[in-house]
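All figures in this text were calculated on a predicted structure; none of them were measured in a lab.
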Amino acid sequence: MSSLLKNALAFVAGVVSGSVVNMSIILVGTALIPVPDGVDMSDMERFSENLRLLKPVNFLTPFLAHAIGTLTGAWVAAKLAVSANMKIALGIGAFFLLGGIMMVATYGGPLWFAILDLLVAYVPMGYLGGKLAGAKKVRTA
């Protein structure tokens, strides 16, 4: 199997594992930190409206889900990749960052959370996941 194919499969494994961790934290977190009465976060038609009703503590779960999911996915991808490990880990961070940007653009939410989430939960966690996996710095020309 070529190294390109192995790296592509490592990337896919990173996306899948990161997504599973993300959703697991969301499911457990909402049980531990319930949303205010009358808020139904599963109602996608009123999702933006419901975001405005949440308290700051309710944003802890999505932040941790995004950060730890990205960290896990980057670690898995960097561990499985046969070359360019840090680039692949950062690619996982960028992939999840795009998802975060789409969520913010679509649904909004508090500005403080959008800034914190987009600046901290994705690319830095991708880098950290790569470092924890033993990946070397990205070489620049």
Side-chain angles (χ1 to χ4, degrees), residues 1-37 39-141:
M1 187 181 314
S2 74
S3 62
L4 179 64
L5 182 57
K6 288 179 184 177
N7 285 346
L9 291 173
F11 187 87
V12 170
V15 168
V16 170
S17 61
S19 298
V20 167
V21 167
N22 181 320
M23 287 310 300
S24 298
I25 292 171
I26 294 290
L27 292 172
V28 170
T30 53
L32 296 175
I33 304 173
V35 296
D37 289 336
V39 176
D40 179 10
M41 295 309 289
S42 65
D43 182 358
M44 295 313 287
E45 291 179 16
R46 297 189 55 215
F47 193 81
S48 295
E49 296 168 34
N50 286 328
L51 280 177
R52 290 187 218 116
L53 302 173
L54 297 178
K55 298 174 183 165
V57 71
N58 296 115
F59 290 94
L60 179 61
T61 297
F63 176 76
L64 290 175
H66 299 163
I68 297 170
T70 301
L71 177 75
T72 303
W75 183 85
V76 167
K79 272 295 194 189
L80 295 176
V82 295
S83 62
N85 306 64
M86 184 56 81
K87 287 181 181 179
I88 292 171
L90 289 170
I92 294 291
F95 177 85
F96 284 111
L97 174 62
L98 289 175
I101 291 169
M102 287 176 26
M103 284 295 291
V104 168
T106 303
Y107 298 110
L111 182 61
W112 67 266
F113 177 73
I115 291 170
L116 176 68
D117 195 52
L118 296 177
L119 291 180
V120 178
Y122 302 108
V123 175
M125 291 297 121
Y127 179 78
L128 182 58
K131 290 300 281 184
L132 291 173
K136 305 292 184 225
K137 281 185 173 180
V138 176
R139 293 186 193 138
T140 56

task: With the side chain counted from C-beta on, respond yes when L71 and L132 share a heavy-atom pair under 4.5 Å apart, and no when they do not.
output: yes
field: Straight-line distance of L98 CG to L118 CG, nearest 0.5 Å
entry: 10.5 Å
Show me the donor-acceptor pairs within less than 3.5 Å that the side chains of residues 2-12 make with the rest of the protein, sequence neighbours left out.
from: S2; atom 1: OG; to: L5; atom 2: N; distance (Å): 3.2
from: N7; atom 1: OD1; to: V82; atom 2: N; distance (Å): 2.8
from: N7; atom 1: ND2; to: S83; atom 2: O; distance (Å): 3.3
from: N7; atom 1: ND2; to: S83; atom 2: OG; distance (Å): 3.0

- prompt: So do N58 and P36 actually touch side chain to side chain, heavy atoms under 4.5 Å?
  reply: yes
- request: Calculate, to the nearest 0.5 Å, the distance between atoms CG and CD1 belonging to L60 and I25 respectively.
  value: 10.0 Å
message: Give me the atom names and distance for the closest heavy-atom approach of F96 to V15.
response: CZ-O, 3.6 Å
L27 to T30 - nearest heavy-atom pair and separation: O-OG1, 3.2 Å
message: What I'd like to find out is whether the side chain of P56 reaches to under 4.5 Å of the side chain of W112, using heavy atoms alone.
response: yes
- line: Nearest heavy-atom contact between A89 and G126 is CB-O, 3.5 Å
- request: Taking the side chain as every heavy atom from C-beta outward, state whether S17 and W75 have any atom pair closer than 4.5 Å.
  value: no
query: Is there a donor-acceptor pair closer than 3.5 Å between any side-chain N or O of N85 and the backbone N or O of A78?
result: yes
statement: Residues A77 and I92: closest non-hydrogen pair is CB-CG1, 3.8 Å
- prompt: Does some side-chain heavy atom of D117 sit less than 4.5 Å from a side-chain heavy atom of Y122?
  reply: yes
message: If you define the side chain from C-beta out and look only at heavy atoms, does anything of H66 sit under 4.5 Å from N22?
response: yes
- prompt: Just how far is it from atom OG1 of T61 to atom CZ of F59, taken to the nearest 0.5 Å?
  reply: 11.0 Å
field: Beyond-backbone contact of F47 with M103, side-chain heavy atoms, under 4.5 angstrom
entry: yes
- line: What one should report as the nearest heavy-atom pair of F113 and P62 is CZ-CB, 4.1 Å
Spacing of CD1 belonging to I68 relative to CE belonging to M125, to within rounding of 0.5 Å: 9.0 Å
- prompt: Does any non-hydrogen side-chain atom of L53 lie less than 4.5 Å from one of E49?
  reply: no
